[in-house]
Amino acid sequence: MTASISGAPPQARASTAAMAAAARLVVLCVLLLGLPACSTISDITERITGDSSVQGLEEGQSPDDLPVPGDYGDIPYEVTITGADEGDLEDAMEDVGLLFRLQEEPPGTILGLRRRLDSDIDKFREVLRSQGYYRGEVSGRIEREADPVRVIVEVEPGPRYTIDAFAVHYRDQPPPQGAPLSLADVPLERGDPADADAILEVVDDLPRTLKVRGYPFAEVVDTRYTVNHDQIVLRADVGMNTGPAGRFGTLSVSGLEDVKEDYLHDLAPWEPGDQWDEDKLDAYRAALLSTGLFRSLRLSHPDQLAEDGTLPIDIEAVEAKHRTLGAGLHYSSDLGLGVTAFWEHRNYFGRDEDVRVELDLSQKNQELTSTFLKPAFLRPDQSLVAEATLQNEETEAFDRLGFDVSAGIKRSIGELWTVSGGGSLEIAQITENDEAERTILLAGLPLTALRDSTDNPLDPTEGSRLGMSFTPYAGTADGAFVAFARSEVTGSAYYSPLESDRLILAARAGFGTIVGEDLAVIPADKRFYTGGGGTVRGFGYQLIGPLDENDNPTGGRSKLELGLEARIKVTESIGVVPFVDAGQVFGTQFPDFSREIRYAGGLGLRYYTAIGPIRLDVAAPINPREDVDDAYQFYISIGQAF
């Protein structure tokens, strides 16, 4: 009929057009005069034309694929998963499902929602298989009548398959000594869930077990996984090539400018000709990066051994800038405004030597410090550290003008521990509580140990720190011989109860004691004090503890400090920190708990930057002393309080 109309003469076409217009007018009149109610657009179309098709629908679609009336093209929906209560099945499905990832971007039709559901059903079946549910089934339905639309995903996991065997077969040669062969040689056990991620992780790690035993080209060449549905178990068979055994060869470096090449040779934890060990190569790469000398670093080796059975290492380096000039401000209501400036050279003699000169000026303390650090001193994990300080300090407890020098060895033990030991010499003039000036000459043997498992030095979110120090001193005070030993232990821990770092709970504790002399004989600058921004916030600097008749602190032979914080991130860059601090200084060698512990509480504000949080803390004493303690104190600096 269409072809005959389009091929008719003009008169016929005009007549046909008039008839069509009349027909449309009749239809409109019928509708206006009371056409029986129709449930869908297709019903109306079918009653008028005998054709249930609707303009705008694609082939295979139904009217349900049109936008839901009133939703203006968007169909908000909720998703419910049932039956996925085993392990972390539901979490894994939510991680991969488009229904969840695109929930804030609802589709415009039910068809679009159905497509998401069908796609996710395939993904959810993969999740079941990846976690060992090889008989699992997933189905889904859409409840269009709900408001919002509900998507129901029904999961039937079935039994979870377990690992029955894990065998490694060597294709190119017999397995070398210590090579993994079966379940007994890998971190899996018979009866473990047949979790694909766990199994694949073990398979991926197999070559490394040989690469640390002298086979640099070990590789997995084939894998086969067999599922027994009757026994509900899985068997893994892995094929490997060991490749030839190799040894470390020559080390060549390119791209150096100021760093001396022999220093990089000295840092290598192997000698040419040693058996190949991939762990040593990775440790060497980490050691080079930790120096901070390089902007980029690439370690590589050829794809085959040299004729003598060695594998040479090539290093391509791009040096970083070695000099830094910086400055900063800090303020606290008890110490006043302070200015810090420093200059640092991290490659002074070409072998990663660090020279730093720092000037700290505040109302009560003026200090000039020069530090020299030489890494890899006599051995790769050891550093030589030397320091000289000229200081003028004026506090409520004492005034001190002194010059200190120290030198020592610092060594890393494992990944967490650092120990150091050395010697110190200091000469100072000290005036205590308006008494006569004392001239102090002391020699010390400082010994320290630090364990640090935190993830960030300025803003830790997990881990802990434990520091211990012991320094015996001997010398003269106004010509009289003095000898004593000062010990201190500090610790802090950090815990995140949430999956993110939005909330960090932090706690710290500190204890110190001095043995060997009476309190009056011990130089005032070596006694213990507490109170202030780094100890018990809310109390004045050094003001907690015994006081003289003028309410000036006299210091003590022991101390105790405690602190708790809840570090709450409001946004990615803003945080608030409610905190409580406590502490006391005692005139006795050990804490005397008959003395009242001083408590303070407060609220902090943090602004998080790339270099660390900027800290503002306001604190007030909870049990202040009348006419001694101020109503509040506040502190501004960079980094967390501990």
Side-chain angles (χ1 to χ4, degrees), residues 332 334-340 357-371 386-407 423-446 469 471-488 512-535 539-559 585-589 627-628:
S332 64
D334 53 1
L335 290 178
L337 178 66
V339 180
T340 301
V357 179
E358 184 170 354
L359 179 64
D360 189 350
L361 300 176
S362 64
Q363 293 173 265
K364 295 187 177 183
N365 183 69
Q366 302 85 45
E367 186 174 311
L368 177 64
T369 302
S370 178
T371 305
E387 184 174 283
T389 301
L390 179 64
Q391 182 188 43
N392 180 54
E393 187 176 10
E394 300 174 357
T395 72
E396 301 294 333
F398 59 85
D399 295 342
R400 180 185 187 272
L401 176 63
F403 178 69
D404 309 338
V405 293
S406 64
S424 66
L425 182 66
E426 57 187 271
I427 183 170
Q429 293 180 336
I430 299 176
T431 302
E432 180 183 358
N433 299 332
D434 298 326
E435 295 180 0
E437 184 179 273
R438 301 176 70 190
T439 299
I440 308 297
L441 178 62
L442 287 178
L445 295 173
S469 67
T471 306
Y473 289 99
T476 61
D478 282 339
F481 179 77
V482 294
F484 57 95
R486 193 176 193 268
S487 303
E488 191 168 359
T513 182
I514 299 175
V515 299
E517 295 284 1
D518 292 335
L519 180 63
V521 178
I522 299 170
D525 63 325
K526 294 295 182 284
R527 303 171 193 166
F528 287 115
Y529 303 88
T530 193
T535 55
F539 290 89
Y541 180 64
Q542 297 183 340
L543 282 181
I544 293 179
L547 305 175
D548 63 12
E549 63 276 6
N550 297 318
D551 289 335
N552 293 320
T554 61
R557 296 179 64 195
S558 62
K559 73 168 183 177
V585 171
F586 310 90
T588 53
Q589 181 177 330
D627 299 329
V628 175

### Query
Does any non-hydrogen side-chain atom of Thr588 lie less than 4.5 Å from one of Leu519?
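They are not in contact (no side-chain heavy atoms under 4.5 Å apart), so the answer is no.
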### Task
Determine whether Leu442 and Lys526 make a side-chain contact, defined as any pair of heavy atoms from C-beta on separated by less than 4.5 Å.
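They are in contact (side-chain heavy atoms under 4.5 Å apart), so the answer is yes.
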Do you know the tightest heavy-atom contact between [X] and [Y]?
| X | Y | result |
| --- | --- | --- |
| Thr471 | Gly444 | CG2-CA, 4.4 Å |
| Gly587 | Pro546 | N-CG, 4.3 Å |
| Gly556 | Ile514 | O-CD1, 4.1 Å |
| Arg438 | Ala520 | NH1-O, 3.7 Å |
| Ser424 | Ser406 | CB-CB, 3.9 Å |
| Arg527 | Thr554 | NH1-O, 2.9 Å |

### Task
Apply side chain to side chain donor-acceptor pair (under 3.5 Å) to Ser362 and list each qualifying residue two or more places apart in sequence or on a separate chain.
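Once residues adjacent in sequence are excluded, Ser362 has no partner under the side chain to side chain donor-acceptor pair (under 3.5 Å) criterion.
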### Message
Under the salt bridge (Lys or Arg N to Asp or Glu O under 4.0 Å) definition, can you give me all pairs with a residue in residues 544-558, not counting sequence neighbours?
### Response
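Residue pairs passing salt bridge (Lys or Arg N to Asp or Glu O under 4.0 Å), neighbours aside: none found.
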### Message
Please check: side-chain N/O of Gln363 versus main-chain N/O of Leu337, any donor-acceptor pairing under 3.5 Å?
### Response
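Side chain of Gln363 to backbone of Leu337, a donor-acceptor pair under 3.5 Å: yes, one is there.
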### Flag, side chain of Glu432 to backbone of Ala397, donor-acceptor distance under 3.5 Å
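Looks like no, no N/O pair under 3.5 Å.
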Roughly how far, to the nearest 0.5 Å, is [atom2] of [Y] from [atom1] of [X]?
| X | Y | atom1 | atom2 | result |
| --- | --- | --- | --- | --- |
| Gln542 | Thr395 | CD | OG1 | 4.0 Å |
| Glu358 | Thr371 | CD | OG1 | 8.0 Å |
| Phe586 | Phe528 | CZ | CZ | 12.0 Å |
| Glu393 | Asn365 | CD | CG | 5.0 Å |

### Task
Can you spot which of Thr476, Asp478, Val482 makes a side chain to side chain contact (heavy atoms under 4.5 Å, CB included) with Leu441?
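The side chain to side chain contact (heavy atoms under 4.5 Å, CB included) with Leu441 is passed solely by Thr476 among Thr476, Asp478, Val482.
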What residues, two or more places apart in sequence or in another chain, satisfy side-chain contact (heavy atoms from CB on, under 4.5 Å) together with [X]?
| X | result |
| --- | --- |
| Leu401 | Asn392 |
| Asp525 | Phe398, Arg400, Glu426, Ile430, Pro523 |
| Ala388 | Phe403, Val405 |
| Ser487 | Phe470, Thr513 |

### Task
Sequence neighbours left out, what passes salt bridge (Lys or Arg N to Asp or Glu O under 4.0 Å) with Glu394? Give chain and number order.
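Salt bridge (Lys or Arg N to Asp or Glu O under 4.0 Å) list for Glu394, sorted by chain: empty.
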### Message
Going by the rule salt bridge (Lys or Arg N to Asp or Glu O under 4.0 Å), which residues pair with Glu396 if we only count those two or more places apart in sequence or in a different chain?
### Response
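Lys364.
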#### Entry: By ring pair (Phe, Tyr, Trp, His ring centres under 6.0 Å) - contacts of Phe484 (at least two apart)
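Partners of Phe484 by the ring pair (Phe, Tyr, Trp, His ring centres under 6.0 Å) criterion, ordered by chain and then number, come out as Tyr473.
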